[in-house]
Amino acid sequence: MTQPRSLFAGYAARLVRLAVITLALGGANSTWADPITVTDIAGRQVTVEAPVQRVILGEGRQIYLLAALEPDNPFAHVVGWRHDLAEADPDNYAAYAAKFPEMKQIPTFGGFKDGTFDVEQAASLHPDVVLMNLEAKAATEDAGYDTKLAALGIPIVYVDFREKPLAHTIPSMRLMGRLLGDTQRADAFIDFAEAQLARVTDKIAAADPARPKVFIDRAGGYSDDCCMSFGPGNFGEYVELAGGHNIADGIIPSTFGTLNPEQIIAANPDQVVVTGGNWGAYVPGGNWVGVGPGADMQKARAKLEQLTHRTAMTGIEAVKTGQVHAIWHQFYNSPYYFVAVQQLAKWFHPELFADLDPEATLRELHQRFLPVDYAPGYWVSLHDE
């Protein structure tokens, strides 16, 4: 008889503990959480009480993931977040703030990578989990944030849709679906993303077209230096999937790096794709190309044309033929990568993809999965009539 009583006593104690926590945090939510063990994108096994009710976002742009899972209110479970969204993507920040004004009241944090994250502030918010981007893992461990949070009983779960978006975005979405108890919604998004990507990759595999040489100008015009680009990952991988050849492949060994003007001129790319965004918070009045939701296309095209006069663009085929384009930078850091691959394919192989409409894909993404309305402006080309 002793053992059953012990089990019952332990179960009762757990119920009391959960009730106390629930009352302490407001008591309104009747959802009971149970411990689950997940394997995060860093390969770590982490035990979390799920579905989670209180989340800290280690990067504000993780809301791109949450919005697809909980479109009725992606901020419902967010008790703190990094303050980068308003600066890196002010147009989407404004769209979300207009629909969910309460998000402006959510406490903001500094970053793990720059050492400005406040552990005491985080603990005061009683989070069930801190979602961190994989890129910050080394800095998180070097600063001892992981140890400090663990001592407080706050687990870190790593996701990634930037370092290796093709490999990690879908597992990250599936992982967050488990944490939030929205696995069906996550699966629906994954099915949509994979189907849309296959519209390009299947046709490229079947047709095996000649691949144009492509230079990806990462954040072109953001600074006077030239030129940041991508190696075999991220947009570099998007180029290959879309039927192009990334000229930085074999020169830049990892995801991010730099090409000098001489390397670009020598490669003589057939296509140039500049990633751009609204970066007035970082570089006011800069030469960056301000594409994104609701962008001024006339202004964006004019700034794109200005970038063709840099030394690195001297005499290259892409400039001669007008095959110079700009696309929203945040496709590199969001789960919407498949839209970028579609648009790149449309530029690289217009005849092969004459029936493909990336804008319709992006509009459908918003209608089916996102809480904010679609606004055009995510890309522009000097080849447009």
Side-chain angles (χ1 to χ4, degrees), residues 11 13-83 85 100 102-103 105-112 117-134 136-137 140-141 144-161 171-186:
Y11 179 69
R14 182 172 182 271
L15 290 179
V16 170
R17 181 177 64 85
L18 288 172
V20 170
I21 293 173
T22 301
L23 290 170
L25 297 178
N29 197 314
S30 60
T31 301
W32 291 103
D34 290 304
I36 64 170
T37 299
V38 299
T39 301
D40 70 6
I41 302 304
R44 302 158 57 251
Q45 287 196 321
V46 185
T47 299
V48 181
E49 295 280 335
V52 296
Q53 299 299 315
R54 302 176 66 80
V55 181
I56 289 177
L57 303 183
E59 179 170 302
R61 281 167 287 184
Q62 290 170 346
I63 205 65
Y64 299 146
L65 294 161
L66 279 182
L69 291 171
E70 300 193 319
D72 290 340
N73 186 357
F75 301 94
H77 302 300
V78 179
V79 296
W81 61 336
R82 191 176 168 216
H83 52 65
L85 184 66
F100 306 103
E102 65 274 15
M103 81 181 209
Q105 307 305 316
I106 298 174
T108 58
F109 287 87
F112 277 43
F117 183 82
D118 189 330
V119 173
E120 292 183 1
Q121 180 191 10
S124 72
L125 298 173
H126 307 286
D128 299 317
V129 67
V130 176
L131 289 176
M132 285 301 306
N133 279 6
L134 184 63
K137 182 175 183 292
T140 300
E141 294 173 349
Y145 286 129
D146 55 337
T147 302
K148 295 172 184 176
L149 290 171
L152 296 169
I154 301 172
I156 294 175
V157 170
Y158 287 101
V159 297
D160 177 46
F161 47 108
S172 293
M173 182 65 77
R174 189 171 282 119
L175 174 60
M176 290 179 69
R178 286 195 67 195
L179 293 176
L180 292 163
D182 289 321
T183 55
Q184 290 185 342
R185 182 80 181 175

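Just so we're clear, the structure is a prediction, and the values are computed from it rather than from any experiment.
Phe109 and Phe117 have parallel rings, their planes meeting at less than 30° on a 0 to 90° scale where 60° marks the start of perpendicular.
Between Tyr158 and Leu175 there is no side-chain heavy-atom pair separated by less than 4.5 Å. The shortest side-chain heavy-atom distance between Pro74 and Met103 does not fall under the 4.5 Å cut-off. Between Val79 and Ile56 there is a side-chain heavy-atom pair separated by less than 4.5 Å. Residues Val46 and Val129 are not in side-chain contact: their nearest non-hydrogen atoms beyond the backbone lie 4.5 Å or more apart. Contact annotation: the side chain of Val52 never approaches that of His77 to less than 4.5 Å [non-hydrogen atoms, C-beta and beyond]. Residues Arg178 and Thr183 have side chains in contact (heavy-atom distance under 4.5 Å, counting atoms from C-beta outward). Inter-residue side-chain proximity for Phe161 and Asn133 is flagged as met; some heavy-atom pair is nearer than 4.5 Å. Annotation: side chain of Val130 is not in contact with side chain of Tyr145 (no heavy-atom distance under 4.5 Å).
Note that the CZ atom of Arg54 and the CD atom of Glu49 stand 14.5 Å from one another [nearest 0.5 Å]. Rounded to the nearest 0.5 angstrom, Leu152 CG and His126 NE2 are separated by 11.0 Å. Taken from CZ in Arg185 to CD in Glu70, the straight-line distance is 10.0 Å, to the nearest 0.5 Å. A distance of 13.0 Å separates CD1 of Ile154 from NZ of Lys148, quoted to the nearest 0.5 Å. For the atom pair CD1 of Ile106 and CG of Leu57, the computed distance is 8.0 Å after rounding to the nearest 0.5 Å.
Of all heavy-atom pairs between Leu69 and Gly177, the closest is CD1-N, 3.9 Å. The two residues Thr37 and Thr47 make their nearest non-hydrogen contact at OG1-OG1, 3.0 Å. What you find for Ile36 and Ala50 is that their closest heavy atoms are CD1-CB, 3.5 Å. In this structure, Glu102 and Asn73 approach most closely via the heavy-atom pair OE2-ND2, 3.5 Å. Of all heavy-atom pairs between Thr108 and Gln121, the closest is O-NE2, 3.4 Å. Nearest heavy atoms, Val157 versus Leu179: CG1-CD1, 4.2 Å.
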Pair Ile156-Asp40, side-chain contact (heavy atoms from CB on, under 4.5 Å): steps then yes or no: CA-CA 9 Å; Ile156 294 175; Asp40 70 6; 5.8 Å; no
List the steps and the verdict of side-chain contact (heavy atoms from CB on, under 4.5 Å) for Trp81 and Leu131. CA-CA 9 Å; Trp81 61 336; Leu131 289 176; over 6 Å; no
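In this structure, Gln53 contributes its side chain and Pro51 its backbone to a donor-acceptor pair below 3.5 Å. Within the 3.5 Å criterion, the main-chain N or O of Asp160 finds a donor-acceptor partner in the side chain of Ser172.
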